Amino acid sequence: METKRKPLLIGNWKMNPRTQSEAKELFLAVKKGLRRTPGAAVVCAVPSVFLAPLRAHASPTCMLGAQDVSSEKLGAHTGDISILMLEALGTSHAIIGHSERRASGETDEAVAKKLSLVVRSNVTAVLCVGERERDSSGRYLSFVENQIRSALKGVPPGKLARLAIAYEPIWAISTATPNARAATPEDAHEMILFVRKILTDLFGRAAALRVPILYGGSVDQKNIAGLVAGGGSDGYLVGGASLRAQDFSTIIRTVYAR
Ligand code: PGA
């Protein structure tokens with residue numbers, strides 16, 4: 001890690017679990033696991049239908065996040081969830097531009113619009129970027145750079161406190177790629193530095209240093225120690241392993257032990 005800021009650890013539950021009672025059970029188990037690591041905080045990005053019922057169980061250290069948000073504020077947008085609704089529910093973070101949403105048609109323009117709305121709210125945006133594959137000529141770097149520059153078009157420097165970026169290479173996401181493996185700490189670190197450089201170009205070094213940059217993709221209880229030691233990120237976006245309260249608890253402990 002380049003600077004000493006509190007780690008940002010987010011569990012992305014994706015479209016799990018099936019029922020409200022299972023969601024409550026998992027959330028409470030995560031909360032219980034947190035007790036083993038005093039001072040730790042996590043965000044569970046849950047399916048939006050669980051935000052209201054879990055709200056009573058959320059706390060400043062066990063927060064609730066959303067997995068997406070509408071690019072519009074209110075009105076005739078069937079099926080969408082507004083940032084105003086997320087704010088009203090006390091949602092702390094909203095994932096934007098996850099590769100699974102992009103794969104179902106979300107464009108860079110839509111991502112930029114969502115981001116511009118969220119950074120102006122009380123919810124922190126977690127912008128996801130990441131390449132499908134790595135090539136030896138380094139095209140993946142310009143791909144990620146374009147994703148970031150295009151997404152941040154509507155984000156003024158004064159709103160950066162509401163921004164985090166998650167580098168999630170699609171080839172490393174367990175649910176996207178069969179036999180996916182996490183990026184090596186070296187590969188993750190290279191990209192974290194690269195993302196920081198893009199932010200520095202856009203907003204200046206001091207501002208860029210304040211934006212948490214996370215790594216995501218097959219993070220689990222086994223590889224987390226290596227990522228913490230050498231990955232250089234300010235936190236992690238954890239999919240599959242965040243559904244296993246015990247493994248997530250191990251991840252939390254390892255992240256905070258550094
Ligand atoms: P994974 O998912 O940890 O299961 O690879 C990460 C994500 O898609 O956010």
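Keep in mind the model is a prediction, meaning the values are calculated, not measured. Indexing begins at 1, ligand by ligand and atom by atom, following the structure's order.
Contact between Gly216 and ligand 1 is absent, with no heavy atom of the residue lying under 4.0 Å from the ligand.
Side-chain N or O atoms of Glu186 include none that pairs as donor or acceptor with a backbone N or O of Gly230 at under 3.5 Å.
For Gly239, a nitrogen or oxygen atom sits less than 3.5 Å from a nitrogen or oxygen atom of ligand 1, counting backbone and side chain alike. Taking any N or O of Gly240, backbone or side chain, at least one lies under 3.5 Å from an N or O belonging to ligand 1.
The protein heavy atom nearest to atom 2 (O) of ligand 1 is Lys14 NZ, 3.3 Å. Summary of contacts: the protein heavy atom closest to atom 4 (O) of ligand 1 is Ser174 OG, 2.5 Å. Among all protein heavy atoms, the one lying closest to atom 9 (O) of ligand 1 is Glu168 OE2, 2.8 Å.
Ionic pairing of Arg102 and Glu168 is not present here: no N-O contact between side-chain nitrogen and carboxylate oxygen is shorter than 4.0 angstrom. Salt-bridge check for Arg196 with Asp234: passed, with a basic side-chain N closer than 4.0 Å to an acidic carboxylate O.
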Requested in this report: Please lay out, stage by stage, how Thr175 and Lys14 fare under the test side chain to side chain donor-acceptor pair (under 3.5 Å).
Outcome: CA-CA 10 Å; Thr175 41; Lys14 307 194 178 184; 2.7 Å; yes

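You'll find the side chain of Val126 stays beyond 4.5 Å of the side chain of Val43, heavy atoms only. Using a 4.5 Å cut-off on side-chain heavy atoms (C-beta onward), Pro17 and Phe50 make contact.
Less than 4.0 angstrom separates some heavy atom of Gly217 from each of these atoms of ligand 1: 5 (O). The contact set between ligand 1 and Ile173, taken as ligand atoms under 4.0 Å from a residue heavy atom, comprises 2 (O), 5 (O), 8 (O).
Only side-chain heavy atoms of Asn12 come within less than 4.0 Å of ligand 1; its backbone N, CA, C and O stay farther off.
Remark: the Gln67 side chain and the Trp13 side chain contain no N/O donor-acceptor pair separated by less than 3.5 Å.
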